[in-house]
J.: 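Sharing a structure here in structure tokens format.
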Amino acid sequence: MPLFLVAAGETVIVQQTGGSTQIRQRLVDLGLTRGAELHMLKNDPASPLLIALNHDSRLALDRRLAHHILVSLPDTTA
Amino acid sequence: MTFTIALAGNPNVGKSTLFNALTGSRQHVGNWPGKTVEKKEGYLRTGDEDILIVDLPGTYSLTAYSIEEIIARDFIIHEQPTAVVAVVDASNLERNLYLVAQIIELEVPVIVALNMTDIATNRGLTIDADELSERLGGIPVVETVGNRHIGVDALTRAIKQTLAQPPLPALRATYEGPLRTELDRLEAVVAESDAIPSGYNPYWVASKLLENDEGLTTKLQESGASELVQAAAEARARIEEATGEDPELIIANQRYQFIHQILDTVVVRPQSAVVTMSDKIDRIATHRIWGVPIFLLMMWLVFQFTANVSAPFLDWVDVFMNETVYGWGLELTAALGLGGTWLQALVTDGIIAGVGGVLVFVPVLLFLYFALALLEDSGYMARAAFVMDRVMRVMGLHGKSFLPMIVGFGCTVPAVYATRTLENERDRKLTGFLATFMSCGARLPVYVVFGAAFFGVASGNLIFAMYLLGIGVALLTGLVLKNTVYRGTPPTPFVMELPPYRVPRPRDVWRQMWERTEGFLVKAGTVILAVSVVMWLLLATPSSAQAGTFNDVPAEQSVFGVLSGAVAPVFEPAGFGSWEASGSLLTGILAKEVVVGTMNQLFVDQSAASPDAVEEPDTSFGEELGASLLGFGEAALLTVQEVMNIVPRTINLIPVVDIGEISFFPAEAEEENTTNLQTALRASFEDSAGSVAAGALAAVAFNVFVLLYVPCMAALAAMRQEFGWGWMWAQVGYTFAIAWLAAVLVFQGGLLLGFGG
């Protein structure tokens, strides 16, 4: 499912990132790759998403970009 | 031989702090050749030799997407430092090691400084530094807490050891599958080629070519290695066919896998996820509803702090410069036998009045920069960007563009350069254009003078209103541009890291505050000094033979007066059509700091402050100095009082509440303390506008004009350099038009609404 559907408090695993090559490269540089663990801290309408990435860093992420990031719940991939 | 050590690392990992700890005060700040990115160098003294430490720009990666990344990697490749100290955030190892893995691929000796270990411990992370060292092939790993000077000696020892003894090559990430096959094949081709510039190792070139690195591809094509580029393109195509993915993403993923495997045995995490203090604060600071009010409150506090708390010091410097130093200037020139000559007038009325009028605002700037540094260092700035994303979207930008804008509150020039952190051209230009409406520190003195002259204790409100108006005009302009020029080009997506909150470190805050104020002081000593001298000469030169002789001409009949008078009618509809007002605005184009300096020369000259009025009866130098020191102490006390009064004043924002404020001195002591300039200003504006109330209205209109009209020459030069001539002229035209319109609107609208009395 796309990342923007994940509710605050849920933890998911990244399956696929989207956007232009440049954007994907930037996401990778920040650690957002396939297999990365995301914990949704905030998902308020009309605001960017606030996520905890691999426990350690906090990222603000564009809502529209979150349409192109596909994630799954951890137990379904395990 | 001198050794060079490069400091590399992600943004916000405490790299600068570690750099300061290593080099102390033996550092030099400049720019990278041909770039506007700051370059810091310093020397580490280790007993027998000095080691040059170069602080590379903070980057997440060594791809060639941003100017910082290109600088960092070109430095490592071309300058070939003896070793690279990779500063990593221990509490965020995975992402930080991604950069380290890329540095290792450059085949340069690496020392890892495992910084901020205290934060990692607080989060319940256990990190085995020895294990990390071993898993990376035995490279030195030193645990440090830069801001508390922990581990700095150990790091120095590791550096010395690395210099004395070439270390083992670090382990680099291993790649697998089709990627590996192609990488090996391409590396062999690269190794055969003789078109590879020196300093590049074949493995790195091959991997970068597979990553489709733009910078390197262009460079190779220029050096005649297009067959390599061709071979790389074919290899990329084969990888894509075999895996269905972009090679650059495969490389990145495999790098992360490599790091993942290492960290498996290095880091032990707590069982349950820890909700950090930072997260708790973020729940409120980035709240959907409360986020914006909190941001506004923060800004309100900042401006209360700058306007009111600095006021006692401002008064003190004012008296010191315009009376004490002015007096010294008179005595000194008289002692040299220049009493009554034009040279004496040049020194006192020209230089001391002009430069002094500007130096008065050093306390204001110190307090403003102090407040901004606090916000930045604490981590709140990034949250402000998050909260403001919604607002920035209205202008067709995103939250990250907000950071250059905030810098614009300090100075427009660095704001224009700060747009470089944005990813695309469109965002950069638009942000730079709008950042000029963020009221910079040089405009602040104008509001301060006018606020004190026309509104007394309510001067903070004028200042706050000006800042808000600037933001409002930027919003409107952005909205219009978004729907016209930039129709159909959406902004790049907003992706930004939010560093954890922390208690600001006094040393870093001080350093920032001082570096920025220093820039202002340098300007005072150069541009403003020069403008003051030229101004004085223009003022002393009669416009015609009938008007008078040199240094004996009514200001209005001088060359400057006549020039300004010619411009003045333009401002009549805005209520400030006097030649003095237009004159100040004219010089303000050079630097906005000069506006107040010019006003000091123009207005004060004709009011009561003739040299005799200032000359004090027989006080000795020592007495004057003593009085000045006493005044300084009093100012310090008053400042404490103002800091304490921020609390009641903030609470009083709630309409029904009214709490008294503290006062250390009897009320009359600080009541009417208007300076010559303030009195003269009031008289002039009331005269040009028609009445007392209309004078206040014209004063507001004047401030609005100062806020909005062309940024100074330095800012224009920065814009030309970054965005080109066309963009710069567009800026000049637009800002003049909007400033004039807004000023006229304020004055005429105010009159219509009955504010003109």
Side-chain angles (χ1 to χ4, degrees), chain A residues 2-4 6-70 74 77, chain B residues 10 59-61 63 65-66 69 89 91-96 98-99 120 123 125 211-212 245-246 248-249 251-253 255-257 260 269 273-274 276 278-279 282-283 286-289 291 382-383 385-387 389-390 393 398-400 423-424 490-500:
Chain A
L3 179 62
F4 78 101
V6 175
E10 284 188 317
T11 302
V12 292
I13 304 291
V14 176
Q15 294 301 318
Q16 198 186 317
T17 57
S20 66
T21 311
Q22 191 181 342
I23 286 297
R24 274 189 292 172
Q25 190 77 47
R26 257 195 67 68
L27 291 178
V28 162
D29 290 347
L30 288 166
L32 211 153
T33 52
R34 188 158 20 101
E37 191 183 310
L38 299 183
H39 180 75
M40 185 70 72
L41 291 170
K42 243 177 217 298
N43 187 350
D44 295 329
S47 285
L49 305 173
L50 190 61
I51 54 173
L53 172 62
N54 295 325
H55 310 287
D56 294 331
S57 55
R58 303 287 178 265
L59 284 189
L61 203 65
D62 204 291
R63 175 161 290 277
R64 284 167 313 160
L65 186 59
H67 284 71
H68 302 291
I69 297 174
L70 299 183
T77 53
Chain B
N10 286 185
T59 62
Y60 291 112
S61 170
T63 47
Y65 280 120
S66 76
E69 289 174 356
D89 173 1
S91 67
N92 195 352
L93 263 186
E94 185 166 323
R95 202 206 50 217
N96 277 259
Y98 182 68
L99 176 68
R123 287 229 198 119
L125 300 175
E211 277 186 332
N212 204 16
E245 272 195 272
D246 287 347
E248 56 263 42
L249 288 180
I251 291 181
N253 276 327
R255 256 187 219 132
Y256 272 112
Q257 268 166 25
H260 230 91
R269 290 182 176 283
V274 179
T276 62
S278 227
D279 289 334
D282 268 341
R283 273 187 206 150
T286 62
H287 191 272
R288 186 163 54 98
I289 296 159
R383 275 69 187 186
F386 181 89
V387 169
D389 183 66
R390 265 189 291 176
R393 242 159 234 294
H398 61 62
K400 221 172 158 186
E423 284 95 15
N424 81 19
T492 47
F494 174 48
V495 183
M496 194 181 66
E497 197 194 4
L498 304 182

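Order of the sequence lines sets the chain letters (A, B, ...), proteins ahead of strands, with each chain counted from 1.
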J.: Answer with side chain, backbone, both or neither: which region of L125(B) has an atom nearer than 4.5 Å to a non-hydrogen atom of chain A?
T.: side chain
J.: Return the option, out of L53(A), L49(A), L61(A), D44(A), with the maximum number of heavy-atom pairs under 4.5 Å with chain B.
T.: D44(A)
J.: Of the options I51(A), L59(A), L50(A), which is the one that meets L498(B) in a side-chain contact (heavy atoms from CB on, under 4.5 Å)?
T.: L50(A)
J.: Looking at D282(B) and K42(A), is any side-chain nitrogen of the basic one under 4.0 Å from a carboxylate oxygen of the acidic one?
T.: no
J.: At a heavy-atom separation under 4.5 Å, does Q257(B) approach chain A through its side chain, its backbone, both, or neither?
T.: neither
J.: Less than 4.0 Å between a side-chain N and a carboxylate O, is that true for D62(A) and R393(B)?
T.: yes
J.: Considering only heavy atoms, which portion of L27(A) lies under 4.5 Å from any heavy atom of chain B: side chain, backbone, both, or neither?
T.: side chain
J.: At a 4.5 Å cut-off on heavy atoms, which part of S91(B) comes close to chain A: side chain, backbone, both, or neither?
T.: backbone
J.: I need the contact set between residues 31-39 of chain A and chain B: heavy-atom distance under 4.5 Å, sorted by residue number.
T.: G31(A), T33(A), R34(A)
J.: Check the surroundings of atom NE2 in H287(B): do more than 12 heavy atoms from other residues, nucleotides or ligands lie under 6.0 Å from it?
T.: yes
J.: Would you mind reporting whether Y98(B) and V28(A) have side-chain heavy atoms less than 4.5 Å apart?
T.: yes
J.: Side-chain contact, heavy-atom cut-off 4.5 Å: D389(B) with S47(A)?
T.: no
J.: If I measure from the heavy atoms of chain A, does D246(B) come under 4.5 Å with its side chain, its backbone, both, or neither?
T.: side chain
J.: If every non-hydrogen atom of S57(A) is compared with every non-hydrogen atom of R95(B), which pair is closest and at what distance?
T.: CB-NH1, 3.9 Å
J.: Please classify the contact of F386(B) with chain A as side chain, backbone, both or neither, using a heavy-atom distance under 4.5 Å.
T.: both
J.: Answer yes or no: is there a side-chain heavy-atom contact under 4.5 Å between E497(B) and R58(A)?
T.: no
J.: What's the separation between atom CZ in R63(A) and atom CZ in F494(B), rounded to the nearest 0.5 Å?
T.: 13.0 Å
J.: With a 4.5 angstrom heavy-atom cut-off, is it the side chain or the backbone of L41(A) that approaches chain B, or both, or neither?
T.: side chain
J.: Which atoms of T286(B) come close to chain A, meaning under 4.5 Å heavy atom to heavy atom: side chain ones, backbone ones, both, or neither?
T.: both
J.: Looking only at heavy atoms, what is the nearest atom pair of R390(B) and A46(A), with distance?
T.: CG-O, 3.0 Å
